[in-house]
Amino acid sequence: MASGGEQKVVLITGCSSGIGLRIAVLLARDELKRYHVIATMRDLRKKDRLVEAAGDTYEKTLTLLSLDVCSDDSVRQCIDSVKDRHIDILINNAGVGLLGPVESISMDDMKKVFETNFFGTVRVIKEVMPDMKKRRAGHIIVMSSVMGLQGRMDTPVCYGAYVVFLLYSTRLSLIEPGPVHTEFETKMMEEVAKMEYPGADADTVRYFKDVYIPSSIDIFEALGQTPEDIAKCTKKVIESSRPRFRNLTNSLYTPIVAMKYADETGGLSVHTFYNLLFNFGSLMHITMSILKCLTCSCLRRRTISPD
């Protein structure tokens with residue numbers, strides 16, 4: 001609880017669907033009413049799904065604000081509209097995806113990903129960080145990825161901020177899911193399978209469409225979690241008395257973590273993934289099919305709680 005038994009103010013970016021929506025609703029429905037959730041999205045015309053999911057919590061423990069993480073003015077105006085600019089917990093969830101052979105992706109498209117996923121995260125943190133440091137209280141959550149263990153662009157900044165935050169009794173946590181079943185991911189997979197990829201040679205396009213995409217779909221179907229799973233994990237991190245910096249949500253990805261730390265060069269995990277895709281594709285498909293059968297709901301529930 002916040003000081004004096006007051007509700008903690010939680011601001012979440014990217015709440016129009018998926019993980020952000022589910023985190024917002026889960027916290028707003030907290031039985032003890034410990035949170036006042038400020039759910040944000042770039043376009044408030046897309047609020048209907050969130051409003052429906054929030055039910056009777058809407059305009060009680062959950063309110064909506066417009067926030068475009070790619071705009072300095074939008075971020076500043078959003079934070080200014082919060083009473084005393086006081087935010088106890090910031091959850092950086094807004095993000096976009098990009099998939100395809102690198103030579104076929106325009107520089108503008110790559111810059112858009114960085115503008116949202118990297119600069120957008122930093123932009124919001126910069127706006128709330130001074131007040132948290134002044135109060136010597138606060139918790140910033142960054143929705144990252146298990147692939148961040150292979151090198152995500154916001155990780156170095158988070159490490160630097162974490163060290164500084166420790167000086168001011170504030171907290172920073174990364175949530176690191178593996179594949180997550182969302183409409184966003186499903187739509188992206190469907191679209192990339194139909195694209196032509198100008199600029200990429202025929203062999204690269206064939207490998208991408210006939211090997212990489214089918215294997216990715218197998219992995220999603222076998223190992224994928226739901227947005228609700230990630231929301232529950234995030235809530236546990238928020239409520240922990242000593243929240244960890246890195247929080248892997250899916251224990252089935254532990255081997256990836258082990259390979260990362262077993263080989264400081266990074267080659268072990270990369271070459272393992274390469275061999276699974278291109279040399280043992282059939283074996284990988286069979287393995288994923290078996291995992292899909294074995295990964296029952298009880299096992300999935302065990303993967304959402306950081307130790």
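For clarity, every value in this text was computed on a predicted model and none was experimentally measured.
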Worksheet item: Does the side-chain contact (heavy atoms from CB on, under 4.5 Å) test come out yes or no for I23 and L21, once each step is laid out?
Response: CA-CA 6 Å; I23 294 175; L21 183 152; over 6 Å; no

Discussion item. Quick check: closest heavy atoms across C78 and L65, and the distance to 0.1 Å?
Written reply: SG-CD1, 3.9 Å

Practice prompt. Provide the full list of ring-ring contact (aromatic ring centres under 6.0 Å, His included) pairs with a residue in residues 25-61, sequence neighbours left out, each pair given once.
Written response: none

For residues 103-110, which side-chain donor-acceptor pairs fall under 3.5 Å, sequence neighbours excluded?
residue: S104; atom: OG; partner: P101; partner atom: O; Å: 2.7
residue: S106; atom: OG; partner: D109; partner atom: N; Å: 3.1
residue: S106; atom: OG; partner: D109; partner atom: OD2; Å: 3.2

Worksheet entry | Spatial distance of atom CD1 (I91) from atom CD1 (I19) [nearest 0.5 Å] | 11.5 Å

Fill in: Summary of salt bridge (charged side-chain N to carboxylate O under 4.0 Å, His left out) pairs that have at least one residue in residues 11-24, sequence neighbours excluded
R22-E228

Worksheet item: Roughly how far, to the nearest 0.5 Å, is CZ of F245 from CG of L172?
Response: 5.5 Å

Discussion item. Would you say I38 ends up clustered with V128 if hydrophobic residues are merged whenever their side chains have heavy atoms under 4.5 Å apart, either directly or through other cluster members?
Written reply: yes

Discussion item. Please find the pair of heavy atoms, one from A24 and one from L50, that lie closest to each other, and give the distance.
Written reply: CB-CD1, 4.3 Å

Worksheet item: When rounded to the nearest 0.5 angstrom, what distance separates OG in S240 from NZ in K236?
Response: 11.0 Å

Worksheet item: Of all residues at least two apart in sequence or in a different chain, which pass the side chain to side chain donor-acceptor pair (under 3.5 Å) check with D80?
Response: R85

Fill in: Stepwise side-chain contact (heavy atoms from CB on, under 4.5 Å) test for L90 and I125
CA-CA 8 Å; L90 167 65; I125 289 176; 4.2 Å; yes

For a quick test of your reading: what N or O donor-acceptor pairs under 3.5 Å do the side chains of residues 134-141 make, sequence neighbours left out?
residue: R135; atom: NE; partner: D131; partner atom: OD2; Å: 2.7
residue: R135; atom: NH2; partner: I87; partner atom: O; Å: 2.8
residue: R135; atom: NH2; partner: D131; partner atom: OD2; Å: 3.2
residue: R136; atom: NH1; partner: L167; partner atom: O; Å: 2.9
residue: H139; atom: NE2; partner: S173; partner atom: OG; Å: 2.8

Worksheet item: Run the side chain to side chain donor-acceptor pair (under 3.5 Å) check on T226 and D229 step by step: do they pass?
Response: CA-CA 5 Å; T226 67; D229 290 335; 3.3 Å; yes

Fill in: Partners passing ring pair (Phe, Tyr, Trp, His ring centres under 6.0 Å) against Y168 (at least two apart in sequence or in another chain)
none

Discussion item. Under the criterion side-chain contact (heavy atoms from CB on, under 4.5 Å), I'd like the reasoning laid out for S145 against E176: C-alpha separation, chi angles, the key distance, then a yes or no.
Written reply: CA-CA 4 Å; S145 167; E176 298 177 319; 5.9 Å; no

Discussion item. Within the structure provided, determine whether L11 and I79 are in side-chain contact (heavy-atom separation under 4.5 Å).
Written reply: yes

Worksheet item: Roughly how far, to the nearest 0.5 Å, is the CG atom of L64 from the SG atom of C15?
Response: 8.0 Å

Practice prompt. Considering non-hydrogen atoms only, spot the tightest contact between I230 and P177 and give its length.
Written response: CD1-CB, 3.7 Å

Item to complete: Taking D84 for its side chain and H86 for its backbone only, find out whether a donor-acceptor pair lies under 3.5 Å.
Response: no

Fill in: Close side-chain approach of L98 and V96, heavy atoms under 4.5 Å
no

Response to the item:
All heavy atoms of M129 vs all of V164, minimum pair found to be CE-CG1, 4.4 Å

Discussion item. Working to the nearest 0.5 angstrom, can you tell me the gap between T61 OG1 and L27 CG?
Written reply: 9.5 Å

Practice prompt. Can you sort out the partners of T116 under side chain to side chain donor-acceptor pair (under 3.5 Å), two or more places apart, ordered by chain and number?
Written response: none

Fill in: Check: P227 and V180 side chains under 4.5 Å, non-hydrogen atoms
yes

Item to complete: Name all residues meeting the ring pair (Phe, Tyr, Trp, His ring centres under 6.0 Å) criterion together with F165; count only those two or more places apart in sequence or in a different chain, and write none if there are none.
Response: none

Worksheet item: Is L26 linked to V9 within one hydrophobic cluster, defined over Ile, Leu, Val, Met, Phe, Trp and Tyr using a side-chain heavy-atom separation of less than 4.5 Å?
Response: no

Fill in: Pairs involving residues 42-51, ordered by first then second residue, that meet side-chain hydrogen bond (donor to acceptor under 3.5 Å, both in side chains) (sequence neighbours left out)
D43-R45, R49-E183

Practice prompt. List for me each residue that meets salt bridge (Lys or Arg N to Asp or Glu O under 4.0 Å) alongside E239, sequence neighbours excluded, and say none if there are none.
Written response: R34, K235

Discussion item. Let's go through L174 and N247 carefully: what are the C-alpha distance in whole Å and the side-chain angles of both, what is the deciding distance for side-chain contact (heavy atoms from CB on, under 4.5 Å) to 0.1 Å, and is it a yes or a no?
Written reply: CA-CA 6 Å; L174 302 182; N247 299 272; 5.6 Å; no

Worksheet entry | Shortest non-hydrogen contact between L67 and T13, atoms and distance | CD2-CG2, 4.3 Å

Donor-acceptor contacts under 3.5 Å from residues 69-76 side chains, at least two apart:
residue: S71; atom: OG; partner: D73; partner atom: N; Å: 3.4
residue: S71; atom: OG; partner: S74; partner atom: N; Å: 3.1
residue: D72; atom: OD1; partner: R123; partner atom: NE; Å: 2.5
residue: D73; atom: OD1; partner: R76; partner atom: NH1; Å: 3.2
residue: S74; atom: OG; partner: D68; partner atom: N; Å: 2.8

Item to complete: Provide the closest heavy-atom pair for N93 versus G14 in the form atom of the first, atom of the second, distance.
Response: ND2-O, 2.8 Å

Worksheet item: Backbone N or O of A28 within a donor-acceptor pair of the K60 side chain at under 3.5 Å?
Response: no

Discussion item. Tell me whether the rings of F220 and H181 are parallel (<30°), tilted (30 to 60°) or perpendicular (>60°).
Written reply: perpendicular

Fill in: Donor-acceptor pair between D201 and T204 side chains, under 3.5 angstrom
yes

Worksheet entry | Between OH on residue Y197 and CZ on residue F208, distance to nearest 0.5 Å | 4.0 Å

Worksheet, complete the sentence: For L268, the hydrophobic cluster (side chain heavy atoms closer than 4.5 Å, chained through members) also holds M259

